Colleague: 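Okay, handing you the structure first.
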Amino acid sequence: MTSELQRLVDALGHKIQRNVTIDDARMRQLAFSSHEYGPVDRLRRQSIFQQRDVRPEVLAWTRAAGARTAVKPFRPPLDPQIGCTEQRLVVPIRRQGALLGYVWIVEGGTGLTDTELETVLKTIDPLAVALYRDQLEEEFSRSKARELAQELMVAGDAAARRHAAGELVDAGYFVASEPVCVVLVTLDADGRGLSDSERDVLGGWLDRTGRRLSDRRHVCLVRREHGLLLLSDKDPMFGGKEKVSLARDLVSSILADLPDRDPYAGIGTLAGDLADAHSSYETAQRAARVARSMGGPDRVVSHEELGVYGLLTRIPDRELDETCLPPGLLRLIRSGPKGAQLVDTLEAFLENAGDVQTTAEQLFVHRTTLYYRLQRIEELTGARLSDGEDRLMYHLGLKIARLIGVRHPRGDDPEA
């Protein structure tokens with residue numbers, strides 16, 4: 001927000017002796033009159049305190065009143081449930097037909113006079129110019145920040161990364177000396193480039209998610225195959241473990257807009273400084289890969305949760321293929337529905353460290369049935385499940401099979 005926009009708001013509020021607020025086209029508050037005139041209801045108080053964090057019910061209320069298509073002033077209905085107990089006049093701010101924002105005026109019990117309304121309308125053009133200039137400057141800043149973040153993620157040497165980090169800080173795009181983390185979102189497993197529409201949706205939801213974060217503590221970036229959010233771990237809005245809920249909300253929103261895609265997210269390790277963000281980016285890629293391989297309703301995995309997958313994903317993709325699997329395990333995986341049941345049994349047995357009682361309870365089978373299945377597994381694969389080395393080899397094989405897509409995510413086996 002520029003000082004010019006604030007000056008215009010304060011001047012308008014003083015002239016008409018009313019409380020005035022300016023929102024952008026997405027209903028994010030940009031400025032409000034610094035002096036209070038007349039009645040103040042709960043909606044105004046909350047909008048001042050929350051500023052850019054617009055409540056969904058308030059957004060729905062404004063849209064129901066026709067805000068998105070309005071070209072003339074209008075008055076939304078009173079709604080005590082959202083705190084609107086004072087009448088408001090809303091004037092859309094447009095420039096060459098394009099919606100830039102809104103002027104909100106709390107009228108209270110007495111509507112604006114014709115003279116006051118004329119004063120408001122005369123202020124619209126200067127407001128439109130100030131908003132348009134602000135939006136151009138904001139888009140330039142965001143574009144420059146994305147360019148520097150790109151260099152930060154992929155630069156080939158430490159000096160280049162330090163330079164990019166320094167530019168982000170010096171230009172005021174990111175705070176200095178705070179640990180950072182990358183949240184990365186992929187839409188599919190084949191690694192193909194994103195289409196224009198997919199880029200728009202992914203970029204749009206990254207931007208919306210960024211609005212929930214503090215200024216100068218995040219940068220959004222869409223690359224050829226995925227999108228990412230670089231954020232400070234000290235953000236009072238979503239620092240620390242709150243990143244997981246932020247990532248879940250992001251993935252759920254993308255899935256709702258792209259139901260034919262398959263989004264998953266990975267959360268990278270903390271990097272102690274902005275210049276080291278590439279390390280979080282790399283681990284976020286690994287976490288996203290494992291999240292997709294494992295499946296599950298959350299669709300989000302943190303690198304710290306990877307366990308042995310953290311080691312396996314360090315092996316280059318070209319080196320990790322079916323030849324890494326024990327031949328007997330590969331035959332079992334490909335042997336149809338009965339084989340799938342035995343693979344599930346083997347996996348449960350190994351995950352439970354060979355504990356027969358726990359495994360039988362987990363699979364809801366009698367111990368005799370479990371012993372029979374384990375015998376069949378040994379006959380079909382040639383493995384000796386009493387041998388520690390064989391158990392380790394097959395346990396790793398099962399994890400590799402999921403990672404490379406030979407074995408489907410849990411609950412998603414087509415023949416199971």
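The first residue in the sequence is number 1, and the count goes up from there. Note that the structure is predicted; figures quoted are calculated from it, not measured.
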Colleague: Under 3.5 Å, is there a donor-acceptor pair between the side chain of Asp273 and the main chain of Ala275?
Modeller: yes
Colleague: Between Ser33 and Asn19, is there a donor-acceptor pair closer than 3.5 Å when you use the side chain of the first and the backbone of the second?
Modeller: no
Colleague: Before accepting this row, confirm whether a basic side-chain N of the pair Lys243/Asp235 lies closer than 4.0 Å to the acidic partner's carboxylate O.
Modeller: no
Colleague: Count the heavy atoms of every other residue, nucleotide or ligand shown that sit under 6.0 Å from CZ of Phe74, and state whether that count exceeds 12.
Modeller: yes
Colleague: How long is the straight-line distance from CZ of Phe32 back to CG of Asp23, given to the nearest 0.5 Å?
Modeller: 11.5 Å
Colleague: Can you measure from CD1 (Ile48) to OG1 (Thr21) and round to the nearest 0.5 angstrom?
Modeller: 6.0 Å
Colleague: Could you tell me whether Arg18 sits above the aromatic face of Tyr37, with NZ or CZ closer than 6.0 angstrom to the six-membered ring centre and within 45 degrees of the axis?
Modeller: no
Colleague: Can you tell me how far apart CG (Leu320) and CD1 (Ile404) are? Round to the nearest 0.5 Å.
Modeller: 6.0 Å
Colleague: For Glu139, does the CD atom sit with more than 12 other heavy atoms under 6.0 Å from it, leaving out its own atoms?
Modeller: yes
Colleague: Decide if atom CG of Asp196 counts as having more than 12 heavy atoms of other residues, nucleotides or ligands within a radius under 6.0 Å.
Modeller: no
Colleague: May I ask you to check whether over 12 heavy atoms, not counting those of Glu379, lie within 6.0 Å of atom CD?
Modeller: yes
Colleague: Can you check salt bridge (charged side-chain N to carboxylate O under 4.0 Å, His left out) on Arg161 and Asp276, steps first, answer last?
Modeller: CA-CA 8 Å; Arg161 291 193 292 268; Asp276 299 321; 5.8 Å; no
Colleague: Under a 4.0 Å threshold between the charged nitrogen and the carboxylate oxygen, would Glu322 count as salt-bridged to Arg334?
Modeller: yes
Colleague: Is a donor from one side chain sitting under 3.5 angstrom from an acceptor on the other, for Arg373 and Thr345?
Modeller: yes
Colleague: Give me the atom names and distance for the closest heavy-atom approach of Leu231 to Val183.
Modeller: CD2-CG2, 3.8 Å
Colleague: To the nearest 0.5 Å, what is the distance between CG (Asp390) and CG (Leu350)?
Modeller: 10.5 Å
Colleague: Going by atom types alone, do Thr186 and Arg292 pair a side-chain donor with an acceptor below 3.5 Å?
Modeller: yes
